[in-house]
Student: 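My questions all concern the structure below.
All heavy atoms count here, side chains included; hydrogens, waters and symmetry mates do not.
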Amino acid sequence: MSTEDQRAPRSLAAALRARDDASLSALLRARPDLITPVPTDLTQLATRAGTRASVVRALERLDRFALQTAEALAVAGDPATYAELLGLMAGDTRDQAVVDALPGALATLREQALVWGDEGSLRLVRTARELLAPSAQHPSPTGLGPSVREATAGMSPGRIQELVATAGLPSTHDSVSAVGALTALFTHRKKMTALLATAPADSVDVLKRLMWGPPYGQVTADPAARLRWLLDRGLLLPTAPGTVVLPREVALHLREGRAHRTAEPVPPTVEAVATHRPQVVDSTAAGQAYTTLATVEELLKDWHEGGPAVLRAGGLSVRDLKRTAVALDVSEPMAAFWIELAYAAGLLASDGEADERYAATPEYDEWLERPPADRWAQLAQAWLAATRTSGVVGGRDLKERALSALGPGLDRSAAPEVRHRVLTLLAGLPEGAAPDPEAVLARLRWERPLRGPQGPQGDDDLRSRLARWTLTEAELLGVTGRGALSAHGRALLGARPAPKPATAAAQADPTGPGDKLPAPHRAAAAGPPAMPLSPPEQAVATAAAARLLTPLLPEPLDHVLLQADLTAVAPGPLRRPLADVLSVLADVESKGGATVYRFTPGSVRRALDAGRSASDLHAFLTEHSRTPVPQPLAYLIDDVARRHGHLRVGAASAYVRCDDDALLNEIIADKRAAALRLRRLAPTVLATLADPATLLEGLRAMGFAPAAESAEGDVLITRAHAHRTPPRTAPEPVPDGPPVPDTTLLTAAIRAIRAGDLAATTPRKPTEDAAPLAPGELPRTSSAETLATMQAAVLTGEALWIGYVNAEGTASQRVIAPVRVEGGFVTAYDHTADEVRTYPLHRITGVAELAND
């Protein structure tokens with residue numbers, strides 16, 4: 001055996017054993033499911049890396065070219081050489097782009113432990129081969145069928161000899177050599193070209209229809225001449241009655257050696273379709289950010305006294321969603337987005353009462369007191385990490401149940417990753433550049449083909465829909481402006497400043513040089529991190545985004561412009577005390593860059609009901625108006641105040657009292673009062689069976705301005721009651737598999753795996769009586785033998801191999817050098833843990849001496 005053969009790994013475990021700590025760390029980061037729980041040694045790590053669930057998850061995270069490379073290995077020999085793999089990927093023409101990119105794709109598969117072995121013996125993990133190799137039940141993505149050997153496995157020896165003879169090959173003594181001769185013919189380019197040159201044109205057309213897949217076809221009991229010619233020479237082989245298949249070797253010859261119709265070594269370019277000045281992008285995004293704050297405030301103000309009821313199954317009813325959409329003046333999908341955003345940020349929750357309703361949380365009151373940029377940053381951070389997806393509201397779950405806003409079933413674990421990746425692609429463009437949405441979707445499909453569309457009409461797959469929603473929601477939130485990523489949006493990702501291309505070549509490829517790197521290194525070349533930030537890192541990035549947004553947001557104003565048509569114009573955002581009072585005193589008529597408020601008798605009465613007097617209102621308007629108070633507005637306030645409280649309504653069931661009996665006569669005479677069924681109890685008192693609230697509404701509808709009074713005869717001041725839920729935490733995102741381990745955990749895990757592997761692979765002295773132990777099996781000795789061996793090792797200073805079961809019942813193997821044995825315990829230097837430890841003797845299953853070498 002050559003020295004090179006001795007160095008070649010014989011198994012995946014051996015290949016992992018040859019890796020350094022940095023390589024193992026990269027594997028565990030790429031496949032975090034392998035570290036949950038931490039494997040005891042490298043053999044267990046290799047076994048776990050080959051399980052079906054783990055392999056499927058790893059394949060789903062490959063980009064298209066790496067996946068094509070794995071698919072090519074699945075149809076190659078086992079093991080395959082690098083030259084064979086290159087031929088399958090680049091074809092006979094040796095596509096230079098494929099030649100350049102293949103080492104990177106192979107490095108990705110090696111890093112993720114899907115491929116092991118050197119270039120002379122590349123092996124795809126068995127489970128991956130089973131998933132990707134062609135079969136009748138599961139055709140290969142390459143469109144290739146079984147090999148000649150596989151297709152002829154059940155064929156009679158006589159029939160195989162007939163195929164060999166008809167193909168012009170000498171007969172053989174056994175079927176194995178006959179199949180080998182046929183395979184050699186089909187893989188020989190010149191001989192196959194000569195054979196097909198003699199084929200009828202119709203026969204060649206049949207082969208061409210099957211060569212790109214699917215490779216199976218149907219034939220009758222009496223095939224046509226063009227099919228008979230192919231069947232007689234083994235160019236089509238029967239697999240079942242009435243079914244034939246094109247052998248893999250024949251298809252590869254017709255394809256000029258390529259396993260795929262089109263190899264895609266380079267990702268689709270995300271090009272800019274429009275470019276704006278960065279200042280315009282940032283200003284537009286800042287305007288949307290301010291609109292976000294105003295919309296969330298308006299939503300929670302609408303639910304100030306207690307929002308809609310919670311459905312029995314959870315969530316918001318369709319009717320309440322429509323009502324909220326009307327109140328916010330948005331579409332229902334947009335209303336669902338704003339509701340879910342407030343919920344994700346912890347500003348909204350259910351109150352947990354018997355008559356459960358939605359309401360603002362105490363966190364909302366704290367949120368209102370923060371600077372506008374910090375409030376926006378909190379919403380943006382919550383959106384970026386949320387797995388709840390408002391876009392699926394109105395759809396159906398797997399049990400055909402309707403999905404409602406704030407209800408169960410809205411979590412999509414892939415949402416944070418897709419949002420981060422979409423924004424990362426935008427961050428890779430020059431400042432002010434807006435991409436084509438279809439180019440972004442094409443890039444995402446290349447990066448995760450198994451999670452993308454499975455056919456030509458795959459635009460509705462979840463990942464594409466999440467990407468479309470991300471682009472829309474980022475614009476609504478103000479993360480982007482005019483389709484381009486803003487400066488504060490870039491900071492939210494923790495990204496470096498955008499690239500500024502200086503050459504025409506750079507402008508033609510705005511995605512940057514990272515796209516041409518091998519997959520493992522591609523993300524590192526981009527500005528933002530390859531993966532979402534950790535919570536501490538995200539907090540720093542969010543604070544940076546708030547700092548960049550602060551100077552772009554308008555300063556709140558302390559004044560309005562009063563007009564003679566009973567309106568007030570707020571030319572910008574108002575300070576909170578002014579906005580709160582004005583929202584009671586007037587009704588919002590229109591929104592936009594400037595908000596228009598209208599004063600009506602009803603709105604003025606509302607302010608008087610809240611405890612304000614006419615003089616208070618005059619002073620307030622004089623103080624906060626840059627224009628004189630118009631005379632019509634002053635008259636309106638005085639007129640409503642003069643009549644306000646002239647009538648008093650209390651509980652009889654309800655009564656009306658007034659010192660002016662003529663006014664009571666006017667009420668009784670009014671036909672509109674018939675429904676109230678009023679009757680006079682005294683010259684200044686009317687009574688009714690209606691409750692006070694109904695009586696108040698009825699009189700106000702008739703144009704009067706009654707005031708409610710208490711049992712003591714005092715006027716009741718009506719203020720909005722702020723209903724709040726008990727303290728609630730924001731909903732936790734549903735993770736997409738195990739979290740990526742941090743550096744501390746990786747270091748500890750790799751150390752533990754190495755230690756366990758050392759104990760499992762250290763050579764032992766052979767014993768005459770004991771049978772050899774299977775890999776991973778613990779040594780078994782009696783208590784007396786264990787004690788004697790330990791005491792002898794203390795005297796000689798030799799190391800021992802022990803089996804140990806801890807207090808939780810977990811078994812492990814260790815290599816120790818005993819120092820002291822007393823009191824039922826052994827104190828020893830543990831080579832696997834690299835420290836001195838003490839072990840109870842009764843927990844040691846057995847002991848064995850190590851080999852001298």
Student: Short question: side chain of E363, backbone of R728 - any donor-acceptor pair under 3.5 Å?
Tutor: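 No: the side chain of E363 does not pair with the backbone of R728.
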
Student: I need the L28 CG to I753 CD1 distance, nearest 0.5 Å.
Tutor: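 With rounding to 0.5 Å, CG (L28) is 5.5 Å from CD1 (I753).
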
Student: Could you tell me which non-hydrogen atom of L533 sits nearest to which non-hydrogen atom of A541, and how far apart they are?
Tutor: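 L533 and A541 have their closest heavy atoms at CD1-CB, 3.8 Å.
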
Student: To the nearest 0.5 Å, what is the distance between CH2 (W367) and CZ (R375)?
Tutor: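 Here the interatomic distance stands at 5.0 Å.
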
Student: Tell me, do P39 and R48 make a side-chain contact under 4.5 Å, heavy atoms counted?
Tutor: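 Yes. Closest side-chain heavy atoms under 4.5 Å.
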
Student: Using a 3.5 Å distance criterion without hydrogens, assess whether the side chain of W446 forms a donor-acceptor pair with backbone atoms of L441.
Tutor: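 It does not hold such a pair.
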
Student: Do S464 and D461 meet the criterion of a side-chain donor-acceptor pair at a distance under 3.5 Å?
Tutor: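 A donor-acceptor contact under 3.5 Å links the two side chains.
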
Student: Can you tell me how far the NE2 atom of H260 sits from the OG1 atom of T262, to the nearest 0.5 Å?
Tutor: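 If we round to the nearest 0.5 Å, H260:NE2 and T262:OG1 are 10.0 Å apart.
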
Student: Tell me whether the count of non-hydrogen atoms from other residues, nucleotides or ligands lying under 6.0 Å of CZ in R52 goes above 12.
Tutor: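 No, not enclosed.
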
Student: Give the C-alpha distance, both sets of side-chain angles, the deciding distance and a yes or no for side-chain contact (heavy atoms from CB on, under 4.5 Å) between L321 and I339.
Tutor: CA-CA 9 Å; L321 180 61; I339 291 170; 3.9 Å; yes

Student: How long is the gap from CG on L379 to CG on L341, to the nearest 0.5 Å?
Tutor: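 That separation rounds to 5.0 Å.
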
Student: Check whether any side-chain N or O of S390 sits under 3.5 Å from a backbone N or O of A336 as a donor-acceptor pair, and report yes or no.
Tutor: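 Not confirmed, S390 side chain does not pair with A336 backbone.
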
Student: Measure across A487 and L548 and return the closest heavy-atom pair with its distance rounded to 0.1 Å.
Tutor: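 Here A487 and L548 meet closest at O-CD1, 3.6 Å.
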
Student: Can we say D302 and R323 salt-bridge, meaning some charged N sits less than 4.0 Å from an Asp/Glu carboxylate O?
Tutor: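 A salt bridge links D302 with R323.
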
Student: Just verifying a value: how many Å separate E356 CD and D351 CG, rounded to the nearest 0.5 Å?
Tutor: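 These two atoms lie 6.0 Å from each other.
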
Student: Ignoring hydrogens and angles, tell me if any N or O in the side chain of R19 forms a donor-acceptor pair with the backbone of L24 under 3.5 Å.
Tutor: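 Not a single qualifying donor-acceptor pair exists.
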
Student: If only side-chain N and O atoms count, and only distance matters, is there a donor-acceptor pair under 3.5 Å linking Q112 with R61?
Tutor: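 Per modelled atom types, R61 and Q112 side chains form no pair under 3.5 Å.
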
Student: Closer than 4.0 angstrom, basic N to acidic O: yes or no for R448 and D63?
Tutor: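 Judged by the 4.0 Å cut-off on N to carboxylate O distance, R448 and D63 do not form a salt bridge.
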
Student: Within the structure provided, determine whether L109 and L62 are in side-chain contact (heavy-atom separation under 4.5 Å).
Tutor: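 Side-chain contact under 4.5 Å: yes.
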
Student: Can you find a pair of side-chain heavy atoms, one from R751 and one from T747, that are under 4.5 Å apart?
Tutor: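 Sidechains of T747 and R751: no contact.
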
Student: Could you tell me which non-hydrogen atom of L67 sits nearest to which non-hydrogen atom of P449, and how far apart they are?
Tutor: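 Here L67 and P449 meet closest at CD2-CG, 3.7 Å.
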
Student: Specify the closest pair of heavy atoms between R401 and D397, including all atoms of both residues, with the distance to one decimal.
Tutor: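 For R401 and D397, the tightest heavy-atom pair comes out as N-OD1, 2.6 Å.
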
Student: Salt bridge (charged side-chain N to carboxylate O under 4.0 Å, His left out) for R443 and E271? Distances and angles first, verdict last.
Tutor: CA-CA 11 Å; R443 176 61 170 267; E271 297 181 348; over 6 Å; no

Student: Salt-bridged, R31 to E60, with N to O below 4.0 Å?
Tutor: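 So R31 does not pair with E60 through a salt bridge.
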
Student: Please report the closest heavy-atom contact between L493 and L485, naming both atoms and the distance.
Tutor: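 Closest approach of L493 to L485: CD1-CD2, 4.2 Å.
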
Student: If we ignore hydrogens and angles and just use 3.5 Å, is the side chain of S486 paired with the main-chain N or O of V479 as donor and acceptor?
Tutor: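 Here the side-chain-to-backbone pair exists.
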
Student: Flag the pair Q381 / Q538 as yes when at least one side-chain heavy-atom distance between them is below 4.5 Å, and no otherwise.
Tutor: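 Sidechains of Q538 and Q381: in contact.
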
Student: Is there a side-chain contact between L384 and L492, using heavy atoms and a 4.5 Å cut-off?
Tutor: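 Result yes, sub-4.5 Å side-chain heavy-atom pair found.
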
Student: Under a 3.5 Å distance rule, please check whether T480 uses its side chain to pair with a backbone N or O of G483 as donor and acceptor.
Tutor: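 Side chain of T480 to backbone of G483, a donor-acceptor pair under 3.5 Å: no, none is there.
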
Student: Just checking, any donor-acceptor pair under 3.5 angstrom between side chains of D282 and H488?
Tutor: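 The criterion, which ignores hydrogens and geometry beyond distance, is not satisfied for H488 and D282.
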
Student: Please walk me through it: do F65 and V266 pass side-chain contact (heavy atoms from CB on, under 4.5 Å)?
Tutor: CA-CA 8 Å; F65 188 64; V266 179; over 6 Å; no

Student: What's the spacing between Y364 OH and E297 CD if we round to 0.5 Å?
Tutor: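 Answer for the OH-CD pair, Y364 versus E297, is 5.0 Å.
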
Student: Quick one, R468 and V440 - any side-chain contact, counting heavy atoms below 4.5 Å?
Tutor: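 No, too far: nothing below the 4.5 Å cut-off.
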
Student: Hey, does F337 have a side-chain heavy atom less than 4.5 Å from the side chain of W383?
Tutor: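 In short, these two side chains touch, coming nearer than 4.5 Å.
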
Student: Would R57 and D33 count as a side-chain contact (heavy atoms from CB on, under 4.5 Å) if you check the C-alpha gap in whole Å, the side-chain angles of each, and the deciding distance to 0.1 Å?
Tutor: CA-CA 9 Å; R57 183 174 179 80; D33 56 296; 4.0 Å; yes

Student: Mind checking side chain to side chain donor-acceptor pair (under 3.5 Å) for R419 and listing every partner two or more places apart, or none if nothing turns up?
Tutor: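 Testing R419 for side chain to side chain donor-acceptor pair (under 3.5 Å), a comparison that skips the adjacent residues, returns none.
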
Student: Pair up each side-chain donor or acceptor in residues 324-333 with any protein partner under 3.5 Å, not counting sequence neighbours, and list the distances.
Tutor:
| unit_1 | atom_1 | unit_2 | atom_2 | d |
| --- | --- | --- | --- | --- |
| T324 | OG1 | D320 | O | 2.8 |
| S331 | OG | M334 | N | 3.4 |

Student: Could you report the tightest heavy-atom contact between T387 and P733, atom names first, then the distance?
Tutor: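 T387 and P733 have their closest heavy atoms at OG1-CA, 3.4 Å.
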
Student: Taking the basic N atoms (NZ, or NE/NH1/NH2) and the acidic carboxylate oxygens, is any pair closer than 4.0 Å for E447 and R421?
Tutor: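 Counted as a salt bridge, because a side-chain N and a carboxylate O are separated by less than 4.0 Å.
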
Student: Answer yes or no: is there a donor N or O on one side and an acceptor on the other, between the side chain of R319 and the main chain of L316, under 3.5 Å?
Tutor: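 Side chain of R319 to backbone of L316: no pair is present.
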
Student: Using the rule given for side-chain contact (heavy atoms from CB on, under 4.5 Å), can you reason through L410 versus Y343, listing the C-alpha separation, both sets of side-chain angles and the distance that settles it, and then say yes or no?
Tutor: CA-CA 12 Å; L410 299 189; Y343 180 56; over 6 Å; no

Student: Any chance the side chains of R29 and T743 put a donor and an acceptor closer than 3.5 Å?
Tutor: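 Present: a donor and an acceptor within the cut-off.
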
Student: May I ask you to test the W338-T292 pair for a side-chain heavy-atom distance under 4.5 Å?
Tutor: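 Yes - at least one pair of side-chain heavy atoms lies under 4.5 Å apart.
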
Student: Ignoring hydrogens and angles, tell me if any N or O in the side chain of T127 forms a donor-acceptor pair with the backbone of G50 under 3.5 Å.
Tutor: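 The answer is yes, because a donor-acceptor pair under 3.5 Å joins these two groups.
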
